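This report concerns only the one structure given below.
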Number of protein chains: 2
Amino acid sequence: MPAKGTIRKNTLLPVAVKPTGERDPDISSLLIVLDHFHPIGREAIRFIKQHIIACTVRKKKFILKTGTFCHYIYFIKKGAVRGFIKEGNKDITTWITVENEMVTSISSLDIQLPSIENMQAIEDCELLALSYTDLQELYLRSPEINIVVRKLLQSYYGDAEKRAFIARLTKADHRYQYFQEKHAGLINRVPLKYIASFLGMTLETLSRVRKKASQH
Amino acid sequence: MPAKGTIRKNTLLPVAVKPTGERDPDISSLLIVLDHFHPIGREAIRFIKQHIIACTVRKKKFILKTGTFCHYIYFIKKGAVRGFIKEGNKDITTWITVENEMVTSISSLDIQLPSIENMQAIEDCELLALSYTDLQELYLRSPEINIVVRKLLQSYYGDAEKRAFIARLTKADHRYQYFQEKHAGLINRVPLKYIASFLGMTLETLSRVRKKASQH
DNA sequence: GAGTCATGTTGATAATTATCAAATAATTCT
DNA sequence: AGAATTATTTGATAATTATCAACATGACTC
């Protein structure tokens, strides 16, 4: 147990996000994804390798809570994460993200604002975390990272638009049908309660919609 | 009338988007907005002045249609624009944007993909259009533009997230209340049918929700 | 391996919202 | 100004979905 006054490393990581302590974590999947958006230089790769922190989070644990600050951008190496906001006594799941994608609180990226949303692991996860401080440094050292992130944001903006669209479909069965088409991989993986919440309907309604869809 | 074979300038602009022909349009409002995200160099400003096209669009005319390609990024100097997708015989309005903001089809920005959404003027508008070709050139000449656009996208991504959230509120009156808080300026400006569509409810439901809200 | 907890299904009923129809009000056009 | 659109409101009814309750199922714990 650390003595009083001991400084914990990576102190800005939420308690549920546990650094593995690996010195040289495997970041190949991250590099493949980034490179797909825009080529990255050796210098940037070296910097990322040096500063990225491999972590694990257990299922159901929080990666970010409403009202707190997000200090990291995370790459999901393995597992699944959801974002949600509390509305009264129920959750509104705004996104569900799986391996090989990035998650963070956009509102925290440049100007540090407290997050309005929660981020929760919905499976045991392996994450790679890069602090915003290191990211800012990286922008300065390797300006091509601005291009990478610009393209990444373009892509994520498109995803957010799709989420905004699907939620505006007025009928529950249309929303589920659209979800089936666009997120086939999630259907037999993510608990239905999260999918129901993502689709703006109750678990019961989703259950009935699914039954009807399977019968026909 | 142009003779057969005459080449129309700015030929990629949709027909409803009419260049004014101004040689030196006032782009001060655009520069203020860009600068608010990140300082821009003199060279970039000169380039923008030289290549930007001042245009007008009449109310109800289309700036982009589903399935076509978007070749420009537009800054709204004056007026209001909405984005919407056809779903069966009804529109789903996914965003409403007014002066001093940018609009484009994000999916077209780098890789040219046909747009899934329509963009329509909901008031007579004055626009400033920069072609993607010129924007690509600008990225190369003035790399700080990558930073500007990155920050701009961060901000717009945050907006898209909010739109995805509001649409998931299960009750119509909650959605309207939230809209009132966040988009007060639009309520006495934009026709209710677009607001209803944006809020994922019928015009009649919105009318009743408004009545109830005003009574209490 | 029994018990507990989380997940998912089904049914009955109530609340919400969409649809259809008609009437007003406001705006645009000529 | 008057006609023609367009926008908004209101009412009656039908369709959809939420809520509450009970039950089934599977996973995880001790």
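Note that these values count all heavy atoms, side chains included, but never hydrogens, waters or copies made by symmetry. Since the structure is predicted, the reported quantities are computational estimates derived from the model, not experimental observations. Protein chains get the first letters and strands the later ones, always in sequence-line order, with residue 1 at the start of each.
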Looking only at side-chain atoms of [X], point me to the closest of [options].
| X | options | value |
| --- | --- | --- |
| A:Arg208 | C:dT10, D:dT9, C:dA6 | C:dT10 |
| B:Glu204 | C:dT9, D:dT16, C:dC20 | C:dC20 |
| B:Leu192 | D:dT9, D:dA18, C:dT9 | D:dT9 |
| A:Thr170 | C:dG11, D:dT8, C:dA18 | C:dA18 |
| B:Ala172 | D:dT17, C:dG8, C:dT17 | C:dT17 |

When the distance from [atom1] of [X] to [atom2] of [N] is rounded to whole Å, what number comes out?
| X | N | atom1 | atom2 | result |
| --- | --- | --- | --- | --- |
| B:Leu199 | C:dT16 | CG | P | 18 Å |
| A:Ile195 | C:dT9 | CD1 | P | 11 Å |
| B:Asp173 | D:dA18 | CG | C1' | 14 Å |
| A:Glu87 | D:dA18 | CD | C1' | 13 Å |
| B:Leu169 | C:dT17 | CG | C1' | 16 Å |
| B:Lys212 | D:dT8 | NZ | P | 20 Å |
| A:Arg58 | D:dT29 | CZ | C1' | 13 Å |
| B:Arg189 | C:dT27 | CZ | P | 16 Å |

Do any side-chain nitrogens or oxygens of [X] fall under 4.0 Å of OP1 or OP2 in [N]?
| X | N | answer |
| --- | --- | --- |
| B:Lys211 | D:dT10 | yes |
| A:Lys193 | C:dA6 | no |
| B:Thr202 | C:dT17 | no |
| B:Lys90 | C:dT19 | yes |
| B:Thr205 | C:dA18 | yes |

Query raised in the report: If you measure from CG on B:Leu153 to CD1 on A:Ile106, what distance do you get to the nearest 0.5 Å?
Result: 9.5 Å

Query raised in the report: Can you tell me how far CD of A:Gln154 sits from CZ of A:Phe37, rounded to the nearest 0.5 angstrom?
Result: 9.5 Å

Query raised in the report: Taking NZ, NE, NH1 and NH2 as the nitrogens, is one of them in A:Lys59 or A:Asp124 under 4.0 Å from a carboxylate oxygen of the other?
Result: no

Query raised in the report: Contact class for B:Leu206 (heavy atom, under 4.0 Å): base, sugar-phosphate, or nothing?
Result: nothing

Query raised in the report: Which is true for B:Lys59 with a 4.0 Å heavy-atom rule: it touches a base, it touches only sugar-phosphate, or it touches nothing?
Result: sugar-phosphate

Query raised in the report: Bend across the helix from C:dG1-D:dC30 to C:dT30-D:dA1, to 10°, with axes taken over 5 pairs at each end?
Result: 50°

Requested in this report: For atom NZ of B:Lys86, decide whether the heavy atoms of other residues, nucleotides or ligands shown that lie under 6.0 angstrom number more than 12.
Outcome: yes

Query raised in the report: Would a line drawn from the ring center of B:Phe47 to the ring center of B:His51 be shorter than 6.0 Å?
Result: yes

Report task. Scan B:Val148, B:Thr133, B:Ile48, B:Val149 and name whichever one has a side-chain contact (heavy atoms from CB on, under 4.5 Å) with B:Leu138. Result -> B:Ile48

Query raised in the report: B:Phe198 ring centre to B:Arg82 NZ or CZ under 6.0 Å, with the angle to the axis within 45°?
Result: no

Query raised in the report: Should the pair A:Lys162 and A:Phe165 be classed as cation-pi, given the thresholds of under 6.0 Å to the six-membered ring centre and 45° from the axis?
Result: no

Report task. By nearest nucleotide on DNA chain D, pick out whichever of A:Arg175 and B:Pro191 is the more 5' one. Result -> B:Pro191

